[in-house]
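Throughout, residue positions are numbered sequentially from 1 according to the sequence presented.
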Amino acid sequence: MKGKRVLIVEDCHLLAVTLEDMLTEAGAEVVAIAPSVAIALKAIDRYVIDIACLDINLGFETSFPIADALAMHGIPFVFVSAHEADVVPPPHRHRPFVRKTDAHLELVSACGG
């Protein structure tokens with residue numbers, strides 16, 4: 001993770017900060033935390049991002065449009081969700097998936113650290 005620039009997409013502030021702390025301790029630089037699709041899409045245009053961590057459920061919307069945008073830009077990403085992996089649309093089912101309950105143990109590894 002050392003030196004990787006990370007976008008965190010998470011609508012729960014406490015969990016976003018926890019993920020930020022974990023990734024920062026692993027040597028990553030969190031360039032933005034986005035609680036919504038609109039904010040995440042702006043961050044993709046504004047920052048150089050090496051990898052993103054996406055919660056699936058963002059209130060009344062999902063992160064799937066963000067996943068599509070990241071894929072179009074060639075930016076890898078990891079789903080970090082309380083949902084089951086089968087809710088992920090077929091074009092993204094090959095992406096790494098970390099259950100939030102396992103995030104502490106698996107997130108850094110899934111991001112390539």
Could you grab the distance from atom CD1 of I56 to atom OG1 of T62, nearest 0.5 Å is fine? 8.0 Å

Grab the two heavy atoms, one from G3 and one from D50, that are nearest each other, plus how far apart they are. O-OD2, 3.9 Å

Restricting to non-hydrogen atoms, name the atom on F64 and the atom on P89 that form the minimum distance, rounded to 0.1 Å. CE2-CD, 3.3 Å

So which atom in A71 and which in H92 form the shortest heavy-atom distance, rounded to 0.1 Å? CB-CE1, 3.9 Å

Assigning hydrophobic clusters by single linkage (Ile, Leu, Val, Met, Phe, Trp, Tyr; side-chain heavy-atom cutoff under 4.5 Å), is V17 placed with M22? no

Are I39 and L41 connected into the same hydrophobic cluster when the rule is that any two of I, L, V, M, F, W, Y join if their side-chain heavy atoms are below 4.5 Å apart? no

About how many Å separate CG of L58 and CD1 of I66, when rounded to the nearest 0.5 Å? 5.5 Å

Treat each ILVMFWY residue as a node, draw an edge where side-chain heavy atoms are under 4.5 Å apart, and state whether V37 and V9 are in one component. yes

Which atom of P76 lies closest to which atom of G74, heavy atoms considered: CD-O, 3.6 Å

Can you tell me how far CG of L7 sits from SG of C53, rounded to the nearest 0.5 angstrom? 8.0 Å

CG-NE2 distance between D45 and H73, expressed to the nearest 0.5 angstrom: 5.5 Å

Rounded to the nearest 0.5 angstrom, the CD1-CG distance for I44 and L70 is 4.0 Å

So which heavy atom on A82 is nearest to which on R99, and how close? O-NH1, 3.1 Å

For a 4.5 angstrom cut-off between non-hydrogen side-chain atoms, does I49 reach R5? no

Say whether, by atom type as modelled, one donor and one acceptor occur between the side chain of S63 and the main chain of D55 under 3.5 angstrom. yes

Sequence neighbours left out, what passes salt bridge (Lys or Arg N to Asp or Glu O under 4.0 Å) with R93? Give chain and number order. none

Sequence neighbours excluded, every pair satisfying salt bridge (charged side-chain N to carboxylate O under 4.0 Å, His left out) that has a member inside residues 6-34: E10-K100

Drop me the distance from T24's OG1 to L19's CG, to the nearest 0.5 angstrom. 10.0 Å

Is any side-chain heavy atom of I8 less than 4.5 Å from a side-chain heavy atom of L23? yes

Using the ring of each side chain (for Trp, its six-membered ring), is F79 parallel, tilted or perpendicular to F97, with breaks at 30° and 60°? tilted

Atom NE2 of residue position H94 - does it have more than 12 heavy atoms of other residues, nucleotides or ligands inside 6.0 Å? yes

